[in-house]
Number of protein chains: 2
Amino acid sequence: MNKAKLKKTLNRAEEHCREHGTRFTEKRKHILQLLLQSEVPLSAYELATHYQSAFGETIPAMSVYRILDFLMAETLVHKLNSANKYTACEHIACDHQHEVPQFLICERCQNVKEVGIEPSIIAALADEIERAGYHLTQPQIELHCLCERCFSAS
Amino acid sequence: MNKAKLKKTLNRAEEHCREHGTRFTEKRKHILQLLLQSEVPLSAYELATHYQSAFGETIPAMSVYRILDFLMAETLVHKLNSANKYTACEHIACDHQHEVPQFLICERCQNVKEVGIEPSIIAALADEIERAGYHLTQPQIELHCLCERCFSAS
DNA sequence: CAGTTCACGATATAGCGTATCGTTCATGGC
DNA sequence: GCCATGAACGATACGCTATATCGTGAACTG
Ligand SMILES: [Zn+2]
Ligand SMILES: [Zn+2]
Ligand SMILES: [Zn+2]
Ligand SMILES: [Zn+2]
């Protein structure tokens with residue numbers, strides 16, 4: 001992510017928090033920035049290490065977890081449950097309402113793409129689930145894939 | 001799961017392994033039995049604890065992991081990646097070929113149902129993914145739901 | 001400027017998973 | 001039966017992920 005887009009996205013995040021009456025502190029901003037700049041999702045402990053390198057001050061893992069919880073509550077960050085890692089939302093600077101997040105995770109290079117899957121597919125899925133006697137609550141889907149580059153290389 | 005069905009399923013698993021030229025040892029049988037009898041998915045360490053209670057002998061966590069790896073390779077057990085827990089395949093006693101597994105996990109009671117989602121839905125999903133420039137490799141989907149009972153109670 | 005809430009730090013502890021090496025045990029050819 | 005081979009299993013060590021709890025200090029509020 002280039003500098004201009006990074007700055008714009010961080011500004012948008014700050015605005016988002018102001019609108020929600022929450023505080024976008026320096027540390028929260030730094031953690032979000034690290035995730036925005038990373039090519040791959042990061043674990044909480046990796047973030048703590050990167051924080052040290054990038055900003056020259058240590059941060060306890062505990063704080064990282066708390067900050068991630070905050071950022072997730074604001075839908076600025078998503079957790080990839082199948083990998084126990086975290087990734088910045090790709091739609092922070094978008095105007096539209098945040099949809100149900102769906103993630104395509106490259107098995108080889110860990111690259112992640114956040115896509116909006118056709119609502120009709122989600123609806124069909126929800127329908128199947130209803131028929132099985134269950135009720136969908138958080139339809140976040142994580143799919144293991146190969147990205148174009150890794151697919152070509154294999 | 002009642003005793004008769006349990007026994008039948010374990011016999012079918014043993015047969016399955018014989019056909020594949022692999023050994024269905026006592027310990028492997030015991031681990032599978034614990035998963036078959038459990039209402040909820042279990043972690044490797046939970047299995048080690050239950051093993052002690054059920055069979056009166058301790059088993060190292062390492063062995064549990066190895067046995068789970070074996071049972072997964074035989075598609076007798078599935079791992080729920082989003083929970084780091086394991087569940088017995090619900091189709092061991094079925095005759096049909098094992099499909100791509102899809103899991104509905106109750107957020108409240110942890111009950112898990114293994115369903116076969118409409119191939120057409122999977123195909124539509126794969127199509128969307130291709131359009132995003134990715135290639136689906138392991139289309140196991142885990143969905144967070146509420147089961148009928150927990151849904152009614154809420 | 002006093003009171004309340006929120007952010008953050010420090011420490012401890014539990015749970016999940018892998019690496020490595022050594023031992024035991026089943027199996028098949030002799 | 002006996003040994004060679006490989007598979008299954010045990011023991012130990014280590015690293016990563018996550019939560020619980022208590023305390024301190026900063027920030028907002030009236
Ligand atoms: Zn998002
Ligand atoms: Zn890739
Ligand atoms: Zn199955
Ligand atoms: Zn339930």
Side-chain angles (χ1 to χ4, degrees), chain A residues 13-14 17-35 38 40-52 55-74 76-87 105 110 142, chain B residues 13-14 17-35 38 40-52 55-74 76-87 105 110 142:
Chain A
E14 185 166 11
C17 288
R18 201 164 38 238
E19 286 168 5
H20 285 64
T22 56
R23 293 184 218 159
F24 193 60
T25 66
E26 273 301 295
K27 289 178 197 293
R28 287 169 175 177
K29 183 176 177 178
H30 284 162
I31 293 293
L32 180 57
Q33 179 179 339
L34 288 174
L35 286 175
S38 173
V40 296
L42 299 173
S43 74
Y45 281 78
E46 286 169 343
L47 279 166
T49 304
H50 288 208
Y51 198 103
Q52 163 73 24
F55 305 110
E57 50 179 297
T58 64
I59 185 168
M62 271 307 309
S63 293
V64 177
Y65 276 107
R66 261 191 306 243
I67 289 169
L68 288 170
D69 285 342
F70 169 83
L71 293 173
M72 284 190 288
E74 300 290 338
L76 297 171
V77 161
H78 302 294
K79 176 175 186 178
L80 302 178
N81 291 311
S82 60
N84 292 322
K85 291 183 188 292
Y86 303 83
T87 186
I105 307 166
Q110 314 308 318
E142 302 172 22
Chain B
E14 186 165 11
C17 289
R18 199 163 40 236
E19 288 168 3
H20 284 65
T22 55
R23 293 185 217 158
F24 193 60
T25 66
E26 273 302 296
K27 290 179 197 293
R28 289 169 175 178
K29 183 176 178 176
H30 284 162
I31 293 293
L32 180 56
Q33 179 180 339
L34 288 175
L35 286 174
S38 173
V40 294
L42 299 173
S43 74
Y45 282 78
E46 284 168 344
L47 279 166
T49 304
H50 289 208
Y51 198 103
Q52 163 73 23
F55 305 110
E57 49 180 297
T58 64
I59 185 168
M62 270 307 310
S63 294
V64 177
Y65 277 108
R66 261 190 306 243
I67 289 169
L68 288 171
D69 284 343
F70 169 83
L71 294 173
M72 284 191 287
E74 299 291 339
L76 297 171
V77 161
H78 303 295
K79 176 173 186 179
L80 302 178
N81 291 311
S82 62
N84 292 323
K85 291 183 189 292
Y86 303 82
T87 185
I105 307 166
Q110 315 308 318
E142 302 172 22

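Numbered from 1 within each chain, the chains take letters A, B, ... in sequence-line order.
At D:dA8, none of the side-chain N or O atoms of B:Thr25 fall inside 4.0 Å of OP1 or OP2 (strictly under the cut-off).
Of the N and O atoms on the side chains of B:Thr58 and B:Gln52, not one donor lies less than 3.5 Å from an acceptor on the other residue.
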I'd like a table of atom pairs between the protein and nucleotides 13-17 of chain C - only N or O on both sides, under 3.5 Å - with the distance next to each one.
{"residue": "C:dC16", "atom": "OP2", "partner": "B:Ser43", "partner atom": "OG", "Å": "3.2"}
{"residue": "C:dG17", "atom": "OP1", "partner": "B:Lys79", "partner atom": "NZ", "Å": "3.2"}
{"residue": "C:dG17", "atom": "OP1", "partner": "B:Asn84", "partner atom": "OD1", "Å": "2.6"}
{"residue": "C:dG17", "atom": "OP2", "partner": "B:Tyr65", "partner atom": "OH", "Å": "3.4"}
{"residue": "C:dG17", "atom": "N7", "partner": "B:Tyr45", "partner atom": "OH", "Å": "3.1"}

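Evaluated for a side chain to side chain contact (heavy atoms under 4.5 Å, CB included) with B:Leu35, the options B:Thr87, B:Leu47, B:Leu76 yield exactly one hit, B:Leu47.
Comparing the axis of the opening five pairs of the helix from C:dC1-D:dG30 to C:dC30-D:dG1 with that of the closing five pairs yields an angle of 30°, rounded to 10°.
Place B:Met62 and B:Thr22 on DNA chain D by their nearest nucleotides, and B:Thr22 ends up nearer the 5' end.
For the pair B:Leu68 CG and C:dT18 P, the interatomic distance rounds to 11 Å; values are reported in whole Å. Rounded to an integer number of Å, the gap from CZ of B:Phe70 to C1' of D:dA8 is 10 Å. Spacing between atom CZ of A:Phe24 and atom P of C:dC6 amounts to 19 Å, rounded to whole angstrom units. Per the geometry, CZ belonging to A:Arg28 stands 11 Å off P belonging to C:dC6, to the nearest Å. In this structure, CG of B:Asp69 is placed 12 Å from P of D:dA8, rounded to the nearest angstrom. Atom CG of B:Leu47 is separated from atom C1' of D:dC9 by 17 Å (rounded to the nearest Å). Between the CD atom of B:Glu26 and the P atom of C:dC25 there is a distance of 15 Å, given to the nearest Å.
Every residue was checked against the ring-ring contact (aromatic ring centres under 6.0 Å, His included) condition with B:Tyr45, not counting sequence neighbours, and none meets it. A search for ring-ring contact (aromatic ring centres under 6.0 Å, His included) contacts involving A:Tyr51 returns A:His30, A:Phe55, not counting sequence neighbours.
Smallest separation of non-hydrogen atoms from A:Lys79 and A:Glu142: O-OE2, 3.8 Å.
Side-chain atoms of A:Ile67 lie closest to C:dC8 of the nucleotides C:dA10, C:dC8, D:dA11. Among C:dG9, D:dT12, D:dG10, the nucleotide with an atom closest to any side-chain atom of A:Pro60 is C:dG9. Distances from the side chain of A:Arg66 to the nucleotides D:dC9, C:dG9, D:dG10 place C:dG9 closest.
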* Structure fact -> Given protein heavy atoms under 4.0 Å, the one-letter contact record of nucleotides 25-30 of chain D, with B base, S sugar-phosphate only and - none, is simply --S---

Under 3.5 Å donor-acceptor pairs involving side-chain atoms of residues 21-28 of chain B, not counting sequence neighbours:
{"residue": "B:Thr22", "atom": "OG1", "partner": "B:Cys17", "partner atom": "O", "Å": "3.3"}
{"residue": "B:Thr22", "atom": "OG1", "partner": "B:Glu74", "partner atom": "OE2", "Å": "3.2"}
{"residue": "B:Thr25", "atom": "OG1", "partner": "B:Arg28", "partner atom": "N", "Å": "3.3"}
{"residue": "B:Arg28", "atom": "NH1", "partner": "B:Arg23", "partner atom": "O", "Å": "2.7"}

